[in-house]
Amino acid sequence: MAVTAALLRRRALSSAFAHSLFCHDAYILCLRSNSDMHSLVNHTNLRLQRDYHNSGKFDLTDMTHPYMWYPNAREKKRNVFLHVGPTNSGKTHNALKRLEASSSGVYCGPLRLLAREVAQRLNKANVRCNLITGQEREEIEGAKHSSVTVEMTDVTTEYQCAIIDEIQMVGCRSRGFSFTRALLGLCSDELHICGDPAVVPLIQRILEPTGDVVTVQYYERLSPLVPLKTTLGSFSNIKDGDCIVTFSRRSIYKLKRRIEREGKHLCSVVYGSLPPETRTKQATMFNDEASDLNVLVASDAIGMGLNLNISRIIFSTLEKFDGICHRELTVPEIKQIAGRAGRYGSKFPVGEVTCLSADHLPLLHSALKSPSPIIKRAGLFPTFDLLSLYSRLHGTDFFHPILERFLEKAKLSPDYFIADCEDMLKVAAIVDELSLGLYDKYLFCIR
Ligand SMILES: Nc1ncnc2c1ncn2[C@@H]1O[C@H](COP(=O)(O)OP(=O)(O)OP(=O)(O)O)[C@@H](O)[C@H]1O
């Protein structure tokens, strides 16, 4: 009770404090009166530095030039290679070859499982490689390479070679900003970016003011992918190498039981909230010809980049709950998931795709034929430096009011959108109850 009362008192104090701070809108600063902030700015942000030198003022909420947030990267003229094409076209393979041959480097991917796959590949090729994700940290002595989930990208270390995989996720409303941060901030001589061709014009526009040299390489699919004219029909038609895709844990286990009841197959399961070791084990057992688990039931967690021995993808539905509402899968999502079938070099050189319900066949076929819609904007979120300066301007370490106010005032160029911060604001309200520094609060919110 006492703890709750203290927390409530603190929250009330925090909002009263925030209100008094924000009654007058003081986000245009004159730095001459604050040498401490001046030195912080000089060390952190070229844009602020330039505006300060021009006029003695800056607007902290001006996010129109995010490429200037990363002075280390801007000191380099990076050679950027955009590897774009359909799934299973060898984009990541070619980029990884460069990473393996480099003296230092980093792979930044969208999934823990993918980061693990790359770390294993490099270590197997005698290139020592750390694995760093939000949940795991496996450091290898003497390693000059790391494989990380994109949120863990280190924009302060210098690399010879860096990879950002599945760059089309730059347009994702909740995670896109981490891809933008890696894209603008990685301090690497060579930067390889892999993904869907729908993102090319946006990346070219975003990188235009950086001085980077951008080369685009287009790829073709290495093995055929055949959309079937008929549905699965009966569960007795399930065969080795099939992967049934569905979008809730409940239906994953329901389908697994349904298939195993036929008595012909045992199923591995892969979905996002499985602990990483379990997920890796399930994927490995499905890939292992000696294992009895020869059918996979999975969520869209298998959709990106993973190399699994899948012969046929069977969509149990083409709708999913995306955290806000039930909606139809998008064209890129359908193509991405379907593209897992018939991976080049796997046991099944030709991939097939179908679904359980005949009602879904027309959408499946048309999606596989359509180009992905062009991605027009990239996610953006203020750096810690900006929020830290903003909080010091307002003299508070309460993260929620700072973030809320900053986002309200933020100014962006047309190539960017501000990340969906609903969840971050919820986390900010909780971490404001704890005795943490602003940096820890920031990390809690963005990872
Ligand atoms: N030149 C090659 N030699 C041997 N194997 C290759 C070659 N190119 C690609 N592969 C293999 O083909 C499979 C698909 O390649 P890769 O993962 O690079 O495709 P991708 O275009 O990045 O696909 P996605 O977009 O689905 O991630 C991988 O198993 C990869 O190792």
Side-chain angles (χ1 to χ4, degrees), residues 81-101 105 107-125 127 129 147 149-150 161-172 179 191-200 203 216-227 241 243 245 270 280 283-284 286-289 296 298-313 329-353 367-368 371-372 375:
F81 297 90
L82 255 171
H83 304 265
V84 292
T87 55
N88 195 17
S89 55
K91 307 178 294 284
T92 318
H93 179 83
N94 279 352
L96 285 170
K97 282 270 165 219
R98 294 294 306 164
L99 186 65
E100 276 171 24
Y107 167 88
C108 311
L111 297 172
R112 288 194 291 265
L113 211 52
L114 212 44
R116 178 171 284 283
E117 193 180 286
V118 170
Q120 276 168 352
R121 172 178 164 151
L122 262 68
N123 282 308
K124 214 165 149 190
V127 179
C129 181
S147 180
T149 41
V150 70
C161 179
I163 300 176
I164 308 173
D165 207 358
E166 308 292 355
I167 188 64
Q168 66 280 1
M169 282 196 70
V170 79
C172 169
F179 287 80
L191 175 57
H192 295 266
I193 304 175
C194 309
D196 194 299
V199 83
V200 171
I203 302 295
V216 186
Q217 292 178 8
Y218 289 92
Y219 290 69
E220 295 295 332
R221 198 176 152 94
L222 293 167
S223 58
L225 181 64
V226 182
C243 169
V245 177
V270 171
T280 309
T284 312
F286 173 70
N287 272 348
D288 181 358
E289 285 187 47
L296 182 63
S299 74
D300 46 351
I302 57 146
M304 272 175 290
L306 286 178
N307 286 307
L308 293 157
N309 279 328
I310 296 172
S311 68
R312 179 169 60 169
I313 289 280
L329 296 182
T330 61
V331 167
E333 283 169 342
I334 293 175
K335 293 201 316 187
Q336 194 77 45
I337 296 168
R340 299 305 104 198
R343 300 290 282 175
Y344 178 72
S346 82
K347 197 173 137 195
F348 304 102
V350 177
E352 295 177 327
V353 195
L368 292 176
S372 303
I375 296 166

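Counting from 1, the numbers follow the sequence of the chain as shown. Order of appearance sets the numbers: ligands from 1, and atoms from 1 within every ligand. Just the heavy atoms: all of them, side chains too, but no hydrogens, waters or symmetry mates, feed the values below.
By the 4.0 Å heavy-atom criterion, Arg340 is counted among the residues contacting ligand 1. Residue contacts with ligand 1 include Glu166, since one or more of its heavy atoms lies under 4.0 Å from the ligand.
On a distance-only criterion, His93 and ligand 1 share at least one N/O pair closer than 3.5 Å. Residue Asn88 has at least one nitrogen or oxygen atom sitting less than 3.5 Å from a nitrogen or oxygen atom of ligand 1, judged on distance alone.
For Arg116, the side chain to side chain donor-acceptor pair (under 3.5 Å) partners are Glu136, Glu138, not counting sequence neighbours. Under the rule for a side chain to side chain donor-acceptor pair (under 3.5 Å), the partners of Glu100 that lie at least two apart in sequence or sit in another chain are Arg121.
Proximity of Arg343 to ligand 1, defined as any heavy-atom pair under 4.0 Å, is confined to the side chain (atoms from C-beta onward). In Leu222, the part holding a heavy atom less than 4.0 Å from any atom of ligand 1 is the side chain.
Side-chain atoms of Asn88 do not come within 3.5 Å of backbone N or O of Leu222 as any donor-acceptor pair. Between the side chain of Asp288 and the backbone N or O of Thr284, no donor-acceptor pair lies under 3.5 Å.
Taking a cut-off of under 4.0 Å to the non-hydrogen atoms of Thr92, the atoms of ligand 1 that pass are 18 (O), 20 (P), 22 (O), 27 (O).
Considering Gly90, Ser223, Pro86 only, the shortest heavy-atom separation from atom 19 (O) of ligand 1 involves Gly90.
Ring geometry for His192 versus His83: interplanar angle under 30°, hence parallel rather than tilted (30 to 60°).
Heavy-atom contacts from other residues, nucleotides or ligands closer than 6.0 Å to CZ of Arg221 number more than 12.
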